[in-house]
Enquirer: 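I'd like to ask some things about the structure below.
The sequence lines fix the lettering, A, B, ..., with proteins before strands; numbering per chain opens at 1. What you see below is based on every heavy atom in this structure, not just the backbone, and it leaves out hydrogens, waters and symmetry mates.
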Number of protein chains: 2
Amino acid sequence: MRLTTKGRFAVTAMIDLGMRHQRGPVTLAGISDRQRISLSYLEQLFGRLRRQGIVDSVRGPGGGYTLARPMTEITVADIIRAVDEPIDATQCGGLGNCHDDRECMTHDLWMSLNARIYDYLDSVHLAELVQQQLDKPEQCAGKKHEHRRVVGSADLKVAANG
Amino acid sequence: MRLTTKGRFAVTAMIDLGMRHQRGPVTLAGISDRQRISLSYLEQLFGRLRRQGIVDSVRGPGGGYTLARPMTEITVADIIRAVDEPIDATQCGGLGNCHDDRECMTHDLWMSLNARIYDYLDSVHLAELVQQQLDKPEQCAGKKHEHRRVVGSADLKVAANG
DNA sequence: TAATAGTTGACCAAAATAATCAGGATTAGT
DNA sequence: ACTAATCCTGATTATTTTGGTCAACTATTA
């Protein structure tokens, strides 16, 4: 397991996608704009997500990305595994071909915790996170001015297009 | 939250320390040798662990590191926080001074998951991990010639039944 | 049918950041 | 003084992130 900003970006982007995939394919340009993640980087990440069968792509105008399966069947661990391929814990790589006890121990110490973290992240589904966002009234925004009525996340991006 | 090899090394080293701290200060050279982590790197990591009050150091011959508090009061999250200082999820940094709703959303999406991961890792104590190691009969060591089923995460999780 | 434009897909290279290591300085016990 | 150990600071290496180019695909338009 590995949890870096890379994984964070991927999860964030997937939540964004999850929140609006019903309205058809979502473009990376949109996600890039809303979540402030560089487009090039998103392309890289979604390339992997696609090859892992987590999202589907539609090319051409009106295209973009859609979820390849229901949100309830996509876990945080899936997403992280896809973009941040797990470098194995030690040289041994879980194959058990370590040459002495020490290597084994090193490998083992971490792997058992690793497995627990994965178990946990496998229990968190994308659907949950999306729902959590939809339920939540804007927290940050309201702090600045008092009760600025904010727009559901649905219309967050009302930008300037013709 | 951030989980990299850095955090892995720190946790591994702390388990090693936890397993033998009763016999007095443990040297980094020893940990380096047993766990195959470079001494220089361990020094850096333990510098941070010390400044965070997780371990104490004793200089000079016969010196080394000891736990600064009982193993039951040290969590995995403590260790990871100490070495891998949590870069905040976004520019906003949880201060709520984002300049528009989008930033807030980005920040929020991840932070809520982040909090859940921390909650989880805060529930895993060093004592547990150490005990788990002590209970466990050598897995790798004896079995070079046997083709025992290798490390599924299911097996790793508990060592209770052997 | 042909041309145009919006979009992903693959690839490469540079810039920024983080991880890792090496060497010397400092402290304390004998 | 010598040695075993922690501490500190800089150098090196690896990874992350961004930026760019070009090809492939498809809906729209003429």
Enquirer: At less than 3.5 Å, do the side-chain atoms of A/R59 and the base atoms of D/dA24 form a donor-acceptor pair?
Expert: yes
Enquirer: Run through A/D78, A/V76, A/I117 and flag the one making a side-chain contact (heavy atoms from CB on, under 4.5 Å) with A/D122.
Expert: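 The single option meeting the side-chain contact (heavy atoms from CB on, under 4.5 Å) with A/D122 is A/D78.
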Enquirer: Please tell me if B/S57 has a side-chain N or O lying less than 4.0 Å from either OP1 or OP2 of D/dC7.
Expert: yes
Enquirer: Quick one: are A/V26 and A/R34 in side-chain contact, heavy atoms under 4.5 Å?
Expert: yes
Enquirer: DNA chain D: B/G63 or B/Q44, which has the more 5' nearest nucleotide?
Expert: B/G63
Enquirer: Determine the sole option in B/Q131, B/Q133, B/Q132 for which the side chain to side chain donor-acceptor pair (under 3.5 Å) test with B/D135 is passed.
Expert: B/Q131
Enquirer: Regarding B/Y65, tell me which of base, sugar-phosphate or nothing describes its non-hydrogen contacts under 4.0 Å with the strands shown.
Expert: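 Sugar-phosphate, backbone atoms only, no base.
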Enquirer: For A/R51 and C/dT8, is the shortest distance between a side-chain N/O and OP1 or OP2 below 4.0 Å?
Expert: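 A/R51 to C/dT8 OP1/OP2: no side-chain N or O under 4.0 Å.
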Enquirer: Under 4.0 Å, counting only non-hydrogen atoms across every strand here, what does B/S40 touch: a base, just sugar-phosphate, or nothing?
Expert: base
Enquirer: Any side-chain N or O of B/R48 below 4.0 angstrom from OP1/OP2 of D/dC8?
Expert: no
Enquirer: If I take atom NZ in residue A/K6 and atom P in nucleotide D/dT18, what distance separates them, rounded to the nearest angstrom?
Expert: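 From A/K6 NZ to D/dT18 P: 12 Å.
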Enquirer: Is any side-chain N or O of B/T4 closer than 4.0 Å to OP1 or OP2 of C/dA19?
Expert: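 Yes, such a contact exists.
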Enquirer: Counting only side-chain N and O atoms of B/R50, is one of them less than 4.0 Å from OP1 or OP2 of D/dT6?
Expert: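 No, no such contact exists.
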Enquirer: Tell me, with the steps shown, if B/I79 and B/R81 meet side chain to side chain contact (heavy atoms under 4.5 Å, CB included).
Expert: CA-CA 5 Å; B/I79 298 170; B/R81 255 189 292 259; over 6 Å; no
Enquirer: Any side-chain N or O of A/R36 under 4.0 Å from OP1/OP2 of D/dT18?
Expert: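 So the side chain of A/R36 is outside the cut-off, no N or O lying under 4.0 Å from OP1 or OP2 of D/dT18.
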Enquirer: Indicate the ring-plane relationship of B/Y41 and B/F9, choosing parallel, tilted or perpendicular according to the 30° and 60° boundaries.
Expert: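 Perpendicular.
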Enquirer: Of the nucleotides D/dT16, D/dT6, C/dA19, which has the atom closest to the B/E43 side chain?
Expert: D/dT6
Enquirer: For the side chain of A/S38, starting at C-beta, report the closest nucleotide among D/dT18, D/dT6, C/dA19.
Expert: D/dT18
Enquirer: Give one of base, sugar-phosphate or nothing for B/L39, where a contact means two heavy atoms less than 4.0 Å apart.
Expert: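 Contact class for B/L39: none.
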